[in-house]
Amino acid sequence: MFERPRGVLEAVRKDVEVERSGILQHIGHTPLVALGRVGKGLAVPVLAKCEHLNPGGSIKDRIAVAIVEDAELRGVLRPGMTLVEATAGNTGVGLALVAAARGYGLVCVMPEKMSLDKRVALASLGAQVVITPNAPPSSPENFRNVAQRMAEERGWFLTDQFKNPANVRAHHETTGAEILEQTGGEVGAFVCGAGTGGTLTGVGQRLKRTLPHVRVVLADPLGSGLADWVETGVLGADAAYAVEGIGGSEAPENLHRDVLDGAERVSDAESFAMVKRLVHEEGLLVGGSSGTNVVAALRVAARRDLRGPVVTVLPDSWDRYRAQPWLRAWAQ
Ligand code: PMP
């Protein structure tokens with residue numbers, strides 16, 4: 001068992017109830033499994049952390065509970081308050097379950113391009129959904145700017161996963177620590193995609209603290225500008241891609257370039273073909289970004305210069321994508 005991380009501010013707010021109870025105790029501590037079939041014959045094993053088995057079905061449960069607890073400890077989140085996040089997906093689900101378990105309101109702000117499915121999913125979990133026009137980050141109507149303004153005007157707590165350091169800390173103190181324990185401290189490389197960058201930065205920092213030789217590699221969808229940024233410091237041109245939750249045209253604040261040793265670019269076709277193999281050959285019922293992560297992890301594992309297994313994460317579950325053309329095509 002892993003001890004709940006203790007923040008420095010815990011000493012300041014001893015009066016705050018921070019013990020996890022009920023379902024919140026079961027966030028994290030996910031299995032780490034070897035990819036025996038898809039990773040067969042490589043120089044080192046490839047191990048995947050089953051984040052799709054979290055209570056809310058994704059890796060984002062970890063940051064949802066960590067961000068809420070951090071804000072409670074700092075005294076900026078008090079009983080009965082409302083959380084607001086600019087999200088369309090997994091973070092909204094994680095926050096919805098934490099809000100329910102801890103008695104907070106939740107408002108999710110999302111751009112109108114998001115599917116009706118996603119709006120209905122979050123609303124059914126008890127969130128109030130606010131739809132904004134599809135507007136660039138510079139516009140006041142952009143969904144992230146609207147969320148920030150609503151927080152300021154109405155006294156809501158902005159969870160702010162792209163900037164909030166509690167996101168990185170959650171992965172440093174839980175995901176990274178669990179990987180060290182589950183591998184007995186033997187890791188050659190850690191490979192995964194970046195949405196907010198919290199997973200890659202937090203796990204990368206934690207592993208390097210104990211194992212300085214570990215390679216930390218970004219798995220990036222072809223079409224994202226982040227791989228170029230990792231390699232050169234300048235964002236690449238962005239183009240459309242279908243994998244969800246990772247990549248982008250801006251480097252998020254929680255993605256720290258100094259932790260990264262390289263990047264692997266993965267096409268949609270490669271990602272979705274790998275998801276199909278993970279489902280049909282490994283029994284791992286995972287979503288699109290898991291395919292991206294595993295394709296990149298296999299490439300890194302094929303090199304003969306690592307001192308231990310390659311570890312990656314399977315961020316979410318296949319059932320989020322049942323309406324998507326790439327998954328529907330399997331049934332034809
Ligand atoms: N995969 C999926 C499906 C996600 O929703 C996210 C989060 N946006 C990620 C991967 C990336 O995680 P992080 O935000 O920690 O970079």
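Values below: every heavy atom of this structure, side chains too, minus hydrogens, waters and symmetry copies. Just follow the structure's listing: the first ligand is 1, and inside any ligand the first atom is 1. Computed from a prediction, not measured in an experiment: that's the story for all the values here.
Within ligand 1, the atoms closer than 4.0 Å to a non-hydrogen atom of Gly197 are 13 (P), 14 (O), 16 (O), numbered from 1 in the order shown. Annotation for ligand 1: atoms under 4.0 Å from non-hydrogen atoms of Ala194 are 16 (O). Atoms of ligand 1 found under 4.0 Å from any heavy atom of Gly198, numbered from 1 in the order shown, are 15 (O), 16 (O). Here is the list of ligand 1 atoms found below 4.0 Å of a heavy atom in Pro315: 1 (N), 2 (C), 10 (C).
With salt bridges taken as basic N to acidic carboxylate O contacts below 4.0 Å, one links Glu178 and Arg62. The pair Arg144-Glu253 does not meet the salt-bridge criterion, since no charged nitrogen lies less than 4.0 angstrom from a carboxylate oxygen. Salt-bridge formation is detected for the pair Glu69/Arg102: a Lys NZ or Arg NE/NH1/NH2 atom is positioned less than 4.0 Å from an Asp or Glu carboxylate oxygen.
More than 12 heavy atoms of other shown residues, nucleotides or ligands fall within 6.0 angstrom of atom CD in Glu112.
Using 4.0 Å as the threshold, Phe162 has no heavy atom nearer than that to any atom of ligand 1. Ligand 1 has at least one atom lying under 4.0 Å from a heavy atom of Lys60. No heavy atom of Gly287 sits closer than 4.0 Å to any atom of ligand 1.
Side-chain contact between Gln182 and Val311 is absent, with no heavy atoms from C-beta onward closer than 4.5 Å. Side-chain contact between Glu244 and Gln324 is present, with at least one heavy-atom pair separated by less than 4.5 Å.
Ranking protein heavy atoms by distance to atom 16 (O) of ligand 1, first place goes to Gly195 N, 2.7 Å. Looking from atom 9 (C) of ligand 1 to the surrounding protein, the closest heavy atom is Gly245 O, 3.4 Å. Summary of contacts: the protein heavy atom closest to atom 10 (C) of ligand 1 is Ile246 CG2, 3.3 Å.
Some N or O of Thr196 is nearer than 3.5 Å to an N or O of ligand 1, by distance alone. Looking at ligand 1, you won't find any N or O of Ile59 less than 3.5 Å from one of its N or O atoms.
Nearest-heavy-atom check against atom 1 (N) of ligand 1 across Gly89, Ala170, Ser289 picks out Ser289.
How far NE2 of His171 is from CD1 of Ile179: 10.0 Å, rounded to the nearest 0.5 Å.
By the 30° and 60° cut-offs, the orientation of the rings of Phe272 relative to Trp326 is parallel.
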>> Using the rule given for side-chain hydrogen bond (donor to acceptor under 3.5 Å, both in side chains), can you reason through Gln161 versus Thr196, listing the C-alpha separation, both sets of side-chain angles and the distance that settles it, and then say yes or no?
In response: CA-CA 7 Å; Gln161 58 170 334; Thr196 64; 4.8 Å; no
